[in-house]
Every structure is written in C-alpha cells, then in structure tokens.
Number of protein chains: 2
Amino acid sequence: MKGKMTTLVLTAENIQTIIEELGIDAVMDQLIAKLYDALANFSAENTIIPIRSGFSYTKPSEGLIEWMPLRDKAGQEVTFKMVGYHPNNPTEKKLPTILSNITKYDTTTGHLISVMDGVLPTALRTGAASAVASKLFAKSDSKILGLIGCGAQSITQLHALSRVFDLEKVMYFDTEYQAVQSFENRASILSYSGSFEQASISEIVEGCDILCTATSIGIGEGPLFENILPKDHLHINAVGSDFEGKIELPKELLVKSYVCPDFLGQAVIEGECQQLSEDQIGKDLFYCINNAREINKYQDSTTVFDSTGISLEDQVVGSLFSHYAQELGIGSHLQIENNHLEQKNPYSFLTKLHFQKS
Amino acid sequence: MKGKMTTLVLTAENIQTIIEELGIDAVMDQLIAKLYDALANFSAENTIIPIRSGFSYTKPSEGLIEWMPLRDKAGQEVTFKMVGYHPNNPTEKKLPTILSNITKYDTTTGHLISVMDGVLPTALRTGAASAVASKLFAKSDSKILGLIGCGAQSITQLHALSRVFDLEKVMYFDTEYQAVQSFENRASILSYSGSFEQASISEIVEGCDILCTATSIGIGEGPLFENILPKDHLHINAVGSDFEGKIELPKELLVKSYVCPDFLGQAVIEGECQQLSEDQIGKDLFYCINNAREINKYQDSTTVFDSTGISLEDQVVGSLFSHYAQELGIGSHLQIENNHLEQKNPYSFLTKLHFQKS
C-alpha cells in the first residue's frame, strides 16, 4: 500500500539491497555529486539548521542520544536524524557504537514521509563530505592517502576519495591489531586498485598527500600525534572529532593550516576547532565551495576539513535513498499515522459488535 | 524477526487492533491508572523533560512540526514524540490537523526500540489526563459533563471522564453543524449510558459540573465565552489551548479559579496560563497529585486544568501500547538500524560476485 498517508520504511537490509542493485561506485558517485550541489546551493535563508541537541549521560554507561533537525523551505520538508553514540556498545553489547535513523516529514501536512536506517547512510555521506572537501583543498594529482583509524569509517573514506582522486597508495594505521589485520581484506571490495602499506603514524603523516583521521580516541586523550612535519600540501579530513574534549590533531599543526569547518557553530563545540580561536579558523564549507577560486590557492598549503557532520548531509543521503527506493520498488509502505480522527471519531474502527462492555 | 536490533513498528491499524482486542474501556482504565502512577511517582531528578521545540511556519500553509523529548533515567529510555500541527489539513488535504508518531530509544545502547502511531495514543492520553485531573479537582459526585468542541478529542474526553465519574448527562456544543449533528452517534460506541443534550455555550457553562473545552478556536479569537456565571464547584479541563495566542477561557474566570497547569513552563507559553501572572497560577499537576489532601479542598471552588500536553503522558501511552503489542503479538519487528558496521565493514553485505565495477 502506497498513498498519501503511508510512510516509506527502509530497513538496513533495504538500504543494502539498493546498494547491491546499483553498485557502490554508482551510489557514492551520485552522493558526492548531490552533496556538492546541496552545499553549493545552500542558503541559510532557505535551509534552517538548528544546532543539534540531545541527552548525554554517563550512566548506565557513557552515551548520547541526539537529534539533528533540518528544515528545507523550498523542498517543503523536514529531515530529522537521531543518533545514538554509545562507545561501550561493541565490547559490552556486540552492537555498533553509533546507531541512527533518518526520518523525513512533509511540511505541507506534517506527514511522516519516511523512516530509514541512518547508520550506513551516515558512513557514506561522511565519506562523500571528505571527497567534496578534498576536491577543494587537496592537490588534484594527490596520489597517497593516509588513514589513521581503520574502523568502518575508513572504508567509506577510502571509497569516496578513490572516486575523485587517482590514488596509488593507501598507508594505514590503527591501534587495534584486529582492525589493522583485517583492513586490506575489508577494503578489497572497493574498485580502488592501488597498493596498501601498513605504516606508523609518523610515516603516514610525513608520506601522504591526503590524510583522513577517523579514530575513536578518548576524550582528553588527543591529539593522535605531535611534532611531525607533513608535506607542505597535506590536506587532512578530520572526521573523528565529534564530542566535547575529543580531538585528533595537534594544535601546532592546526594553527599553521587553513581550517575549514563544516558547520562553525558545531565545530567550535565538538570539532578540531575547539582548539582554535575565531581568527585561527577559516571559512566554512558552504563558503569555500562557492568561492573555489579563492580557496584553491590553499592547495599548496596544509589544510584541514573539520568534519563534525551536518544535517544537510543527512538530508541529501536520505533523499537519495528515498529516490532509489521508489525507483527500484524497495522498502515497505506502512500507514503508521492514524487518519480516522479525520471523521472526528477516534473509535470509528470499532463496531458495536466488536465492542465488549466491561 | 524479533531481536535486540529490531524495532517494533506499530501502525495505526495495529494500535486499533490492540484496542479492539482489549476493549476501549479496559485500555482507557489502564491508561488512566498508569498515568496517575507516573505523575504520582514523577521526579524531575529521574525524568528529564526539555521544553518542546520545533519548526513553525506560515508557508506553504500555517503549520508546526515539533518534537517532545523525554529521558527516563530509571527506565533507561528516551521517548520522543513528533507532532505535526497543520490546521488546513482537513479542508485542503482531507488529512487530520494533527499527525504524530512516538518513538522510544534504549539509553543503554541508543537502539530504536519502537515507532508507533502517535495520533490515536495522543487523543487517548489527553482524555486520560483530564480524568486524572478531574478526580483531583471535581466533586466526586459530578453528574453533568459539558463539552465545548465536539471534534475527535471530545469523544476521548467523554470516554475518560465517564470511566471515573457516574455521569448522567452530557451537554454539548460546537460551532460546526456537522460536528453537532454527528456527535451523539459518534459517542454511541462508548459504554456511557446517560443522556445527551445539545445546548448553548451559556447553558453548558451554567449547567455542568465538569467542562471540557477542546476547540480549534483561532489564534487571537478566544475566549470561547465571557460573563457567564458557572456553578461554584465547576472544574474545567482546558484542552484546546496549545499555541501562542490561542486561548479558550476568559481571564475573568481564570483569575477567580485555582489553575493547575500540566507543565508550567509550557502552559505560560501556549496554555491558558498565557493570560495569567505567576501569582495567579496554582501548582502543577505533579504537585497536586502528590498533595491530594491539600488540593481536594478546591473541589468546592472553580478549578481549571490547563492541559497543554506533556511528554510524560506520551511515554506512558507509548509504553502501554508496546506492552500490549508484545502481549498480543501485534506489530512488525523490523531491523531498521544497520549493525554491519560492527565488523568495521560497511560493505560486508557485498560479495565480489555482486559487485559491478563501474
């Protein structure tokens, strides 16, 4: 059943089926293109993004449930991402650290248009965001990608970057033995055909053209490295910093670099920008995309994309998967919301026959 | 499939089936009892209720999409109600004014436990809240119920109140002819066995022991009446006021009455309490329930329950329907959230065979 009152529900499996049908490269390429367009066409007038809020706690164990709302006036919709961040999930519950769902609402009626997995779409859009930023800031002939942190995000980072650069070598590091051991096998699903090199953090920072940091370093335990001299033109996508007190990069490197936050108000609270004063921070990604000529000059300098995650990215990936689902006929259409109240009768579904007096 | 990673989805039809199976009286009785318990056991220390926020707009047409979060520390869960309020829905879209869903999250993992219709549960819990408040403030031998506004809410108000008072007569009024005409027929599904009397607003206000106002009077168009002298002991459940500038009751009556808001911070913004200064407002419902002896003395005075709707009510009704669903085996268990990232491999579902290089 599909109608004006039904909600498209896309399970984790539905999202996977869509990707299987279309191929990961086609999906990633389109996501990068759509994200670029959305960023380039962004206007704060049209798209309202309140700073995310939520509940954070330390009992029963450390965690956070937060919501990221966005209202698109022209598109007449609200996108809402709920994110749970529970770092003890993998060891204590055999569940992912991040659980998430994305919902969309029609602002002409308030109707819940769709509910979908937010976990895999978030990993994909975070990769796509790094690709978009790297296209701006990294040299177009960048060949060597460094990855510090070899968890799930590292795969989508490599995937997205391999779609926009002719990468020849990936250097990778993780503190966790198992993550290092399995990395090349996990990455083997990608069409990337360059080489792999397990390396130390200093070898990576010194050797790569583009670096992605996507670690789960603890609060107050950063940075990941200090006193290492990178190539003059290194571009870094700092993906892991998403919590107050959680940082990955040394301040000494940040202050020498052009730092572009995805969303300034958020980056100064939970991104690498926590470490910087206002005058040490560059323009945000929206500005940089729309002023590429001015920004491209930084390709010869060290640059940092401070990626904290913005709901515009969730809107783009949510819309893309809704579109694919409709095109391919994947997903369930459930009538979650009740419309019997239309007849001013909440009990209209009952008949005298059914009704048992108590 | 039902497991630690699945989400219980309860559609509008599932909720209706539960009510059909159990009977509306059993459901309403249990809801009133559970709501009473939740209010009586409420502690601001244990249950965190941020003031709701949302997007409101006048284009494409007047509307509001808002979220009402609640965190229950002891219950280790977050309840989240999304509400769309679009007053032009009935005439322009043949949809209900209010569309809504309720979700629950496990704060030990961040997992989405359930998604369900919020429309019918909201109507039920709003009725139950009036029953709980009326038990406190109305005389226990109240016989005559007045209803101003005969929409969907009037049915659940009558239903809930008929479960806790031996009502003998219902006097009702609506500005809309069709609502008046159909009211008795709609109410006939209830086990209420007293009489009905179509009446004017002044006849109702003068004649009833308990009054429920549940109208869709426009912003700036209230109050519903003025200069009418009610019985000394009249208790009013003011249900309709839920928007800045939207009021139902005359200030002259409010200042003479003991006014109990459900949630003070909200009631002063969008309830009848908008019209009052701090010293003209009584204690909130949490306090009143826990101090029944002190509060019962107001049963001989005019009293007002300023019902703006609180997420504690949504938590109670959401938990009740989840419980029923599990007991009766109703609803779908869908794995919405992806847990493949557990293996640090977002693409683990793909095999080389499936994957088409592009």
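Proteins come first, then strands; the chains are lettered A, B, ... in the order of their sequence lines, and each starts at number 1.
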Side-chain donor-acceptor pairs of residues 95-103 of chain B under 3.5 Å, sequence neighbours excluded:
| residue | atom | partner | partner atom | Å |
| --- | --- | --- | --- | --- |
| B/S100 | OG | B/M82 | O | 3.0 |
| B/N101 | ND2 | A/Y105 | OH | 2.8 |
| B/T103 | OG1 | B/F80 | O | 3.2 |

Inset, instruction - Name all residues meeting the salt bridge (Lys or Arg N to Asp or Glu O under 4.0 Å) criterion together with B/E13; count only those two or more places apart in sequence or in a different chain, and write none if there are none. - result: none
Inset, instruction - Check each atom of A/D106 against the heavy atoms of chain B and say whether the ones under 4.5 Å are side chain, backbone, both or neither. - result: backbone
Inset, instruction - Take A/L124 and B/Y347, measure what side chain to side chain contact (heavy atoms under 4.5 Å, CB included) needs, and give me the verdict at the end. - result: CA-CA 10 Å; A/L124 295 172; B/Y347 299 135; 3.1 Å; yes
Please state whether the side chain, the backbone, both or neither of [X] comes within less than 4.5 Å of a heavy atom of chain A.
X      : answer
B/P50  : side chain
B/T122 : neither
B/E176 : side chain
B/V83  : neither

What distance separates [X] [atom1] from [Y] [atom2], expressed to the nearest 0.5 Å?
X      : Y      : atom1 : atom2 : answer
B/L334 : A/D117 : CG    : CG    : 12.0 Å
A/F349 : B/I24  : CZ    : CD1   : 7.5 Å
A/N185 : B/S348 : CG    : OG    : 11.0 Å
A/N339 : B/K93  : CG    : NZ    : 14.5 Å
A/N338 : B/T11  : CG    : OG1   : 9.5 Å
A/S53  : B/W67  : OG    : CH2   : 8.0 Å

Inset, instruction - Keeping the roles fixed (side chain from A/N89, backbone from B/T109), state whether a donor-acceptor pair exists under 3.5 Å. - result: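 Checking the backbone N and O of B/T109 against the side chain of A/N89, a donor-acceptor pair under 3.5 Å is found.
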Inset, instruction - Identify which of A/Q178, A/H159, A/K59 forms the greatest number of heavy-atom pairs closer than 4.5 Å to chain B. - result: A/H159
Inset, instruction - Could you have a look at A/E21, A/E337, A/Q16 and say which one has the most heavy-atom pairs with chain B under 4.5 angstrom? - result: A/Q16
Inset, instruction - Identify the heavy atoms of A/K344 and B/R186 that sit nearest to each other, and give their distance. - result: O-NH1, 2.8 Å
Inset, instruction - Look at B/A187, B/P69, B/G84 and state which one has the largest set of heavy-atom pairs under 4.5 Å with chain A. - result: B/P69
Legend entry - Residue among B/L70, B/I15, B/V115 with most heavy-atom pairs under 4.5 Å to chain A: B/L70
Inset, instruction - Evaluate the side chain to side chain contact (heavy atoms under 4.5 Å, CB included) criterion for residues B/I336 and A/M116: first the C-alpha distance (whole Å), next the side-chain angles of each, then the deciding distance (0.1 Å), finally the verdict. - result: CA-CA 6 Å; B/I336 294 176; A/M116 69 178 73; 5.8 Å; no
Legend entry - Working for side chain to side chain contact (heavy atoms under 4.5 Å, CB included), residues A/T107 and B/I65: CA-CA 7 Å; A/T107 57; B/I65 288 181; 4.0 Å; yes
